[in-house]
Every structure is written in C-alpha cells, then in structure tokens.
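As structure tokens, the structure follows; a few thoughts come after it.
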Amino acid sequence: MLNRFLAHCCAASVCVAVSACRPKDDLVVRNGDVIAGTGSAAHRPDLAIKGDRIVAMGTVDGRGREEIDAAGQVVAPGFIDVQAQSGVTLLVDGNGESHIRQGITTDVIGEGGTPALWTAANNDPQAIKQYGLKFDWTGFDGYLRALETKGTSLNVGSFAPIAMIRQDVLGMQNRLPTSDELKKEEDILDNAMQHGAFGFSTALIYPPASYTNTDELVALAKVAAKYGGVYISHVRGESFRVKEAIGEAIEIGEKARLPVVIYHLKIGAKANWGHMADIRSLVEQAQARGIDVTACQYPYMAGGTGLQATLPGWAQEGGREKMLERLHDPAERTRMRHDIEANTEVENLLAGATFDGVQIASVPPDKDQSIVGKRLSQIAAERGKEKWDTLFSILIENDGRVGALYHMMSEDDVKTAMQFPWVSVGTDAPAIKPEGELGRGQPHPRTYGTFPRILGRYVRELHVVPLPEAIRKMTSLAARQLKIAERGTLKNGYFADVVVFDPNTVADRATYEKPHQYPVGIGTVIVNGVVTVRNGQHTGAHAGRALYGEEHTSR
C-alpha cells in the first residue's frame, strides 16, 4: 500500500508536502516565481531535483541536501540556443562561459560546420593548430562522445551541414553533383543521421553551399526526413531577396516532408526594412497548408560573419588559396567590384551594410590588431586609400581570415519578429570567455548577451513580449523545433536544466566596442541537476550531455 502511495505521489506533476514519500532530495529550489516554459504565468511551487531529474513540483517539506532560496527570482527551464557555434570552442574550454552565464544549458551547433563531420581530409586545421586540439574521434557520434568525455558545462547536439557534405564529395567546385556524387552526399548524410544528427542544415550564402540548387537540397532533406530529422537553414538571401529565399526553404520542407527552421530571421539592407509582416504572412500561409515552418532570431541590428562573405561566390570557388590569387589580380578585383555594385549575387552583405557598416571583428593572432573594432570606411580614411582597395587589401593581408560585423538591420523589424509566436532564440555565436585564445578580437556582443538582452531590454524595458512568452520561446518552443525530448519545460520527470534570474536586473553588458562582458542578474544555472553557475560564477561543473537526433540508431 505504501509503495503504491509513493509511486502515485512522485509521479504527480504537482506534489504537496511530499518529503515523506521520497528519499532526501539532492537539490530543492524554493520561493521562486516558477515560469515553466509553456507560456503560462508564474506560480510558486518548490522544485525538487534528484540526480539529473525534476522529481517534484509543489510544497516540498524537509531539507534537500542543497537548498536554493529563489525569493524575488524567476525560476525557468534552462535556455536552448537553437543556433550555437560552439563546436570547436567547447573542445578548447568545456566551461562554455559566455553561454552558460546567459542561462543557456543546451547548445545546438552545425550551421556551416561541425567537428562531428571532421575527417582526416576535411577538418579545420587552422583551429586545430591555433588551439592545440587533439582530433582523436571518428564518426558523428564519436565527436559528441569525445566532447562529453572531455567535459562540458552545456548539453550539445549537432546538425549535419551541406557545406561539409559537399566538400567531402565536390570540394569547392561551383557545379551541381552528378547522380553518383549526389548519392555519395546522401550516404554521408544518412550515416550522420544514424549516428545522431538532429537533421540537415544549410548556410546558403557561403560557398560551397551557395553552389547548390533546390533539387539537390530537396534530395538531401528527404534523407533527413527518413530519420525524423529537421531542415534548418540560413536561407539564400536575407536582404534584397529574403522572401524568395524563405520561399525556397518552405518548398524544401514541403517536398521533403520535414519540419523547417529558418536561422536568424532578419531583413538586411535599409531599402527592405519594414517588410517583416510580409514574411509573417508567407510563413503562416505555409503553416496553414500543413508545413511545419518556424524560425529563430537574435536581438541585434548587426550580423556577423567572415569578411570574405562580401565577395561574389565565383571569387571564392576553389577555396581560400584560389580566392587570394584572384584578389591579387587587378582585373579580377575590378570584376568583383562590378558584380557587388550590380547586386548580382543572391546575397550582398556589402550593399546591405555599406563600408560604414562593416566593422572588423577579428584577424589572425599574428596579424595587425589595430584594425579590429574599426569600420572599413575608417580604416580606408586612416590609410588614405580607396575603400574598395582597402577591403581587398585587408583580406589579402590576413590570408582571408577576417571576422566582421555587418550593421544592416532595423530594430523595428527585430521587435516585430520577436512577437511572432513561432520565433525562438539563437546566439549564432560560440561559447567563449574573455581570457586567453578565446578572448581575442571583438566578437559580436550576442556571444555574451543574446538571452539576457531579450529579458532586459525587450521584455522589461520595452514590453515587446511578456516574460512568460519570452521564456517559452527560449525553452519549450526551441525544444519542439529541434525535437529535443524531456527538456525545455519544468515538469516532473524532465531533465533538471534550470535557470534562476532576477527579472528586475537581468541585462546584457556586452557592446560592439567592449563585447567581452558577462551579463548580470543571472545567479544560478543548473545543468542535469548540477549547479553550474552559483551567485553568478561558474562552479567548474561539467554536467553537460551529448544530445542526439530522435532516431539515433547507433546507441
């Protein structure tokens, strides 16, 4: 009789005075305003955690082995970063400081590259050399297991990107695959899906992904669909051709019959600002036809990527060395300038941002650091050189390895997209820290501030979205988009990923000029039941887990 009572009590989603029916809890969070991630308003149950799971929500009598008094704080599910770029940096430093201190407990990587698809012939030798990494795994899940074994503070899962699949088969050739080559691409993706990929990802403004056509992408998306995967895409254009590009993503989802997520929903280029409502109509018309289409965003008016992304796709064909050869050729530089000015590419970052809006974020450690943080127009003026020559020269001087920020979006568009119920949150940034190799350059402030910026500026100050809705976007919506089970909601039996923050003080501190600054107001972060941030400081805990696609067959 007693055993039946215990089972009933501990299975309930809300328990009242339940300490008598359960061994002593490892951790109890009390007195907080619990916002469970469903969109519902706050309520005040205690939260009991045992091992890596939530075991009770209600009035928990008795003392846990550790107690957290969350009075005056919000208790929410750990945030899920739909678009993290931490594949390499977590190998360097498993603490994941700039993400975990935002309240992020899960990073999902793989937009354009992932160590999960590294091979002896196709990896990142620059990163391996710069950070002294040991590449000692094989296979998609081999990377995830290696990361978990090494130790990480974050849960990590990965998509399989077209860029790496195509490089394995076609290198940097600007042509469509033959039927045999397409079959090889499909086999690579099929293997990745079997070994844990969340789905198929594309970053279609960057070579070699930009060399694809829709039919090739549909064929590959159908492979991901066989395993219950997701198609997630940095669409082919986000400024002058954004509607057509989103239309292509919808077409791929419809033909391949799988969910679609659009990375960092935005409208670049001032001439196109104000059309976010049109994008909503486009997406919701597709949803009405039964296509599962959603998106994520970051709350900033600048994007960030390599400076070489300003160049036409043909200029990058063949890889970095070929690109540099063309940059040394005056005739080829003239041709590049003509194509950029004529706006012939599917995406034109320079036309969107202009020379005044392109800010240098990083150059290699052994190169001239004095240009970091400056706009192209400023560097040109300081050098007394023409702006186009300055652009091309900076790429040559730094072997094409230049990070840049592109100031090209409208805050009104950002706020409008934030109100769409199907838009989650992604940093589009790696987990780093201010010290050492990971602290070089001036990265995008989203690296440190994405989630707290929404909670501080857009929830508390500007009232763009209510707090429960913002948390739903950061948690359960993201989990649904990516098919992550038993995370994203505070619920009995779910994994104990929890963030405790002060709604009155939570805020980002990172700026474009001084990006290496942690946010404030986030006091406690719990990952799989382990306190990983306490009083705003990292505890050194590495309780993160490898996460796998829903039909991972190799375990």
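Bear in mind the structure is a predicted one, so any value in this text is a computation, not a measurement.
Geometrically, Arg446 does not engage Tyr300 in a cation-pi contact defined by less than 6.0 Å to the ring centre and at most 45° from the axis. Phe495 carries Arg53 over the face of its six-membered ring, with the cationic atom under 6.0 Å from the centre and within 45° of the normal.
Of the possible donor and acceptor atoms, none in the side chain of Asp46 sits under 3.5 Å from a partner among the backbone N and O of Thr59. A donor-acceptor pair is defined here as one N or O able to donate and one able to accept, closer than 3.5 Å; such a pair exists between the side chain of Ser98 and the backbone of Ile432. When atom types are taken as modelled, the side chain of Thr416 and the backbone of Asp412 share a donor-acceptor pair closer than 3.5 angstrom. Remark: side-chain polar atoms of Arg460 are paired, donor with acceptor, to backbone N or O of Val506 under 3.5 angstrom. Thr354 places no side-chain N or O within donor-acceptor distance of the main-chain N or O of Leu350, the cut-off being under 3.5 Å. Glu347 places a side-chain N or O within donor-acceptor distance of the main-chain N or O of Glu238, the cut-off being under 3.5 Å.
Applying the side chain to side chain donor-acceptor pair (under 3.5 Å) test between Asp508 and each of Arg453, Arg457, Gln517 identifies Arg453 as the sole match. Paired with Val283 under the rule side-chain contact (heavy atoms from CB on, under 4.5 Å), one option of Thr294, Asp278, Val260, Val293 passes, and it is Val293.
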(Q) Pair Glu148, Arg545 - check salt bridge (charged side-chain N to carboxylate O under 4.0 Å, His left out), show working. (A) CA-CA 6 Å; Glu148 187 177 71; Arg545 305 270 178 82; 5.1 Å; no
(Q) Applying side-chain hydrogen bond (donor to acceptor under 3.5 Å, both in side chains) to Asp292 and Gln287, what does each step give before you reach the verdict? (A) CA-CA 6 Å; Asp292 185 354; Gln287 292 171 344; over 6 Å; no
(Q) Let's go through Asp497 and Arg487 carefully: what are the C-alpha distance in whole Å and the side-chain angles of both, what is the deciding distance for salt bridge (charged side-chain N to carboxylate O under 4.0 Å, His left out) to 0.1 Å, and is it a yes or a no? (A) CA-CA 7 Å; Asp497 294 341; Arg487 299 185 193 270; 2.8 Å; yes
Q: Take Asn272 and Arg241 through the test side-chain hydrogen bond (donor to acceptor under 3.5 Å, both in side chains) and record every step on the way to the result.
A: CA-CA 9 Å; Asn272 300 299; Arg241 300 167 183 84; over 6 Å; no
**Q.** Step-by-step side-chain hydrogen bond (donor to acceptor under 3.5 Å, both in side chains) determination, Thr202 to Tyr231
**A.** CA-CA 8 Å; Thr202 62; Tyr231 176 67; 2.8 Å; yes
Q: For Lys433 and Tyr518, run side-chain hydrogen bond (donor to acceptor under 3.5 Å, both in side chains): C-alpha distance rounded to whole Å, both residues' side-chain angles, the deciding distance at 0.1 Å, then the answer.
A: CA-CA 9 Å; Lys433 61 181 180 180; Tyr518 294 121; over 6 Å; no
Q. Does the salt bridge (charged side-chain N to carboxylate O under 4.0 Å, His left out) test come out yes or no for Arg65 and Asp26, once each step is laid out?
A. CA-CA 5 Å; Arg65 291 186 175 88; Asp26 294 325; 3.0 Å; yes
Q | Residue pair Arg63, Glu67: steps toward the salt bridge (charged side-chain N to carboxylate O under 4.0 Å, His left out) verdict | A | CA-CA 7 Å; Arg63 301 286 296 176; Glu67 297 260 334; 3.6 Å; yes
Q. How far apart are the C-alpha atoms of His463 and Tyr458, what are their side-chain angles, what is the distance that settles it, and do they pass the ring pair (Phe, Tyr, Trp, His ring centres under 6.0 Å) test?
A. CA-CA 6 Å; His463 308 291; Tyr458 293 100; over 10 Å; no
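Between Lys50 and Asp25 no salt bridge is recorded (no basic side-chain N to carboxylate O distance below 4.0 Å). A salt bridge links Glu251 to Lys255: one of the charged nitrogens lies within less than 4.0 Å of a carboxylate oxygen. A salt bridge is absent between Glu284 and Arg289; no separation between the charged side-chain nitrogens and carboxylate oxygens falls under 4.0 Å.
With no hydrogens or angles considered, no side-chain donor-acceptor pair links His538 and Glu97 at under 3.5 Å. In summary, the side chains of Gln481 and Trp422 do not present any donor paired with an acceptor at a separation below 3.5 Å, with no hydrogens or angles considered. Using a 3.5 Å distance cut-off with no hydrogens or angles, the side chains of Asn95 and His542 do pair a donor with an acceptor. If you check the side chains of Ser201 and Glu111, you find no donor sitting under 3.5 Å from an acceptor. Thr532 and Thr539 share no side-chain donor-acceptor pair at under 3.5 Å.
A pairwise comparison of heavy atoms in Ile250 and Ala286 identifies CG2-CB, 3.7 Å as the closest pair. Nearest heavy atoms, Met57 versus Leu490: SD-O, 3.5 Å. The minimum heavy-atom distance linking Leu265 with Val423 is given by the pair CD2-CG2, 4.1 Å. Minimum interatomic distance between Pro445 and Tyr512 (heavy atoms only, all atoms of both residues): CD-CD2, 3.4 Å. Across every non-hydrogen atom of Ala42 and Asp33, the tightest pair is CB-CB, 3.9 Å. Contact detail for Val235 and Ala249: the closest heavy-atom pair is CG1-CB, 4.0 Å.
From Tyr298, atom OH reaches atom OG1 of Thr450 across 9.0 Å, with rounding to the nearest 0.5 Å. From Phe159, atom CZ reaches atom CZ of Phe140 across 9.0 Å, with rounding to the nearest 0.5 Å. Rounding to the nearest 0.5 Å gives a distance of 13.0 Å between CZ of Arg440 and CD of Glu435. A distance of 4.5 Å separates CE of Met418 from CD1 of Ile454, quoted to the nearest 0.5 Å. Distance CD1/Ile80 to CG/Asp107: 10.5 Å, rounded to 0.5 Å. Between the CG atom of Leu47 and the CG atom of Leu27 there is a distance of 8.0 Å, given to the nearest 0.5 Å.
Residues Val527 and Ile100 meet the side-chain proximity criterion, which asks for heavy atoms closer than 4.5 Å.
Between His234 and Tyr206, the distance separating the two ring centers is shorter than 6.0 angstrom. Between Tyr448 and His99, a ring centre-to-centre spacing not shorter than 6.0 Å is recorded.
Annotation: Lys270, atom NZ; neighbour count of heavy atoms from other residues, nucleotides and ligands within 6.0 Å does not exceed 12.
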